[in-house]
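Here the structure comes first, spelled out in C-alpha cells, and everything after it is commentary.
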Amino acid sequence: MKSVKDMFDLTGKVAVITGGAGMLGQKHAEAIGEFSGIPVIVDINQERCDEVAEKISQQFGVRSLGVDADITKQENVDALQAKILDEFGQVDILINNAANNPAVGSAGLDGVNGSRLEAFSLENWNQDIAVGLTGSFLCSRTLGATMAKNGGGVILNIASDLALISPDQRLYQQPGLAKKAQTVKPVTYSVVKSGLIGLTRYLATYWVEEGVRCNALSPGGVYIDQQDSFVHHLSQLIPMNRMAHKDEYKAAVVFMVSDASSYMNGSNLVIDGGRTVW
Ligand SMILES: NC(=O)c1ccc[n+]([C@@H]2O[C@H](COP(=O)([O-])OP(=O)(O)OC[C@H]3O[C@@H](n4cnc5c(N)ncnc54)[C@H](O)[C@@H]3O)[C@@H](O)[C@H]2O)c1
C-alpha cells in the first residue's frame, strides 16, 4: 500500500497546462513542479511559455517545456501533442485552464456597454466559447485519447464559482453611470464555466474503462489588486469575508491530478470561501 504522502507524488508525470503562462496557470505548474511532475506550459506566446517553464525547472529541479499553441486550432493541438510525445514519450495529465480575457470596452450598440447582453457581439461570444469550450474539447479529445490508449491519465477542468451561481452584476457597477453604460460580467463566462461542468461529467465516464478520470475545480475570485470597492463588495458575499490568494488552489490541484484523488471522478470541487453556500 502506498503511503498517503506517496499518493501525492507526481514524479515523471507529464502535465499539460493550457493557459499555463497566465496567473493561475503558473500556480498549477508550480504545484506540479513541487511534487516532481513535468509541467508543459501551453499558451499563445512562446516567450512567456519559455519563461514560466524555465522558472519552474530552476525552482524545483524538474524538466519543463513551454509550447506556444492556440488551443482553438486542431493543428496546433496536434503539433503540441507531437512535441510532447517527442520530448517525453507520454502524457499523463491535462489541465484545461485557458480562458479568453476579452477587453470588453464601452463600445457597443446605441451607447450600450459592449459587455452587456443586448450589445454583446457574436464575435466576442465565438472567441470566448472557442477558448473556454472548444479549446478544452480539442485538448481533451486529442490528449485524452492518447492517455486512454496508453493506460490512463487525469483531466482537470478549471471552472469557477460562476459555474454554480449567476454573476452578481452589482459587483461590477460604477457609480454615476446609466444602467446601459455599466459593464457586466459577460454571458460567455457563465456559459463556458457551466459547459465545463458538463464536459467533466461526459469525460468522467467516456474513457473510464481505459483509466482516464476527469474532475472540475471551481475556484472563487482571486485577489489581484482589484479596486477596493469591488474587493469590499465581493468579500461581503463570501462567508470567509475575503477573496482567495493565488496560492490557495495549488494543494487542491496536486490532490486532483495525483493518485491522492484516485477514486474521485466526475466531481466538481468548489473552493470559494463559502460563497456558493450563501
Ligand atoms: N482569476 C480568478 O479569480 C479566477 C476565478 C475562478 C476561475 N478562474 C479560471 O481560472 C483559469 C485561469 O484564470 P487566470 O486568472 O489565471 O486567467 P489569465 O488570463 O491570467 O490566464 C488565462 C491564460 O489563457 C491563455 N489563453 C487565452 N487564449 C488561449 C488560446 N487560444 N490558447 C492557449 N492559451 C490561451 C491566455 O494567454 C492566458 O495566459 C480560467 O479558466 C479562469 O476562468 C479564475
Between [X] (side chain) and [Y] (backbone), is there a donor-acceptor pair under 3.5 Å?
X	Y	result
R213	M264	yes
T18	A98	yes
D43	A21	yes
N97	G19	yes
S57	V62	yes
S64	P39	yes
R275	L237	no
Q90	K13	no
Q46	D68	yes
S258	D9	no

Find out whether [X] and [Y] are in side-chain contact, i.e. whether some heavy atom of one side chain is under 4.5 Å from a heavy atom of the other.
X	Y	result
E210	K149	no
P219	I271	no
Y249	I158	no
L10	I93	yes
L199	C214	no
T142	D78	yes
Y223	R242	no
E30	K55	yes

Euclidean distance, [Y] [atom2] relative to [X] [atom1], rounded to 0.5 Å:
X	Y	atom1	atom2	answer
L143	I155	CG	CD1	8.0 Å
L234	Q236	CG	CD	10.0 Å
S166	Y189	OG	OH	13.0 Å
D92	T146	CG	OG1	11.0 Å
I71	S136	CD1	OG	5.5 Å
N215	N265	CG	CG	6.0 Å

Is there a path of hydrophobic side-chain contacts, each under 4.5 Å between heavy atoms of I, L, V, M, F, W or Y residues, that connects [X] with [Y]?
X	Y	result
L122	I129	yes
Y202	V192	yes
L24	F35	yes
V212	Y206	yes
V67	M147	yes

For the residue pair [X] and [Y], what are the closest heavy atoms and their distance?
X	Y	answer
D70	N76	N-OD1, 2.8 Å
S115	N113	OG-OD1, 2.6 Å
L85	V91	CD2-N, 4.4 Å
F120	W125	CE2-N, 3.6 Å
A31	K250	CB-O, 3.7 Å
R48	G22	NH2-N, 4.0 Å

*Test Q26 against K246 for side chain to side chain contact (heavy atoms under 4.5 Å, CB included), laying out the working first.*
CA-CA 10 Å; Q26 292 188 47; K246 56 187 177 191; over 6 Å; no
*asked:* Out of the candidates K27, M23, M243, only one should pair with V222 under the side-chain contact (heavy atoms from CB on, under 4.5 Å) rule; please name it.
replied: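 Option passing the side-chain contact (heavy atoms from CB on, under 4.5 Å) with V222: M23.
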Distance-only side-chain donor-acceptor flag, [X] / [Y], under 3.5 Å:
X	Y	value
E54	Q58	yes
N157	T200	yes
N96	S140	yes

With a cut-off of 6.0 Å (strictly less than), are more than 12 heavy atoms of other residues, nucleotides or ligands near [atom1] of [X]?
X	atom1	result
K73	NZ	no
E209	CD	no
E123	CD	no

*Please assess I38 against V14 for the test side chain to side chain contact (heavy atoms under 4.5 Å, CB included), listing each intermediate value before the final yes or no.*
CA-CA 5 Å; I38 302 173; V14 177; 4.1 Å; yes
_Test side chain to side chain contact (heavy atoms under 4.5 Å, CB included) applied to L164 and D272, step by step_ = CA-CA 11 Å; L164 290 113; D272 64 354; over 6 Å; no
*Verdict with supporting geometry, K83 and L80, side chain to side chain contact (heavy atoms under 4.5 Å, CB included)*: CA-CA 5 Å; K83 214 172 233 179; L80 163 70; 5.7 Å; no
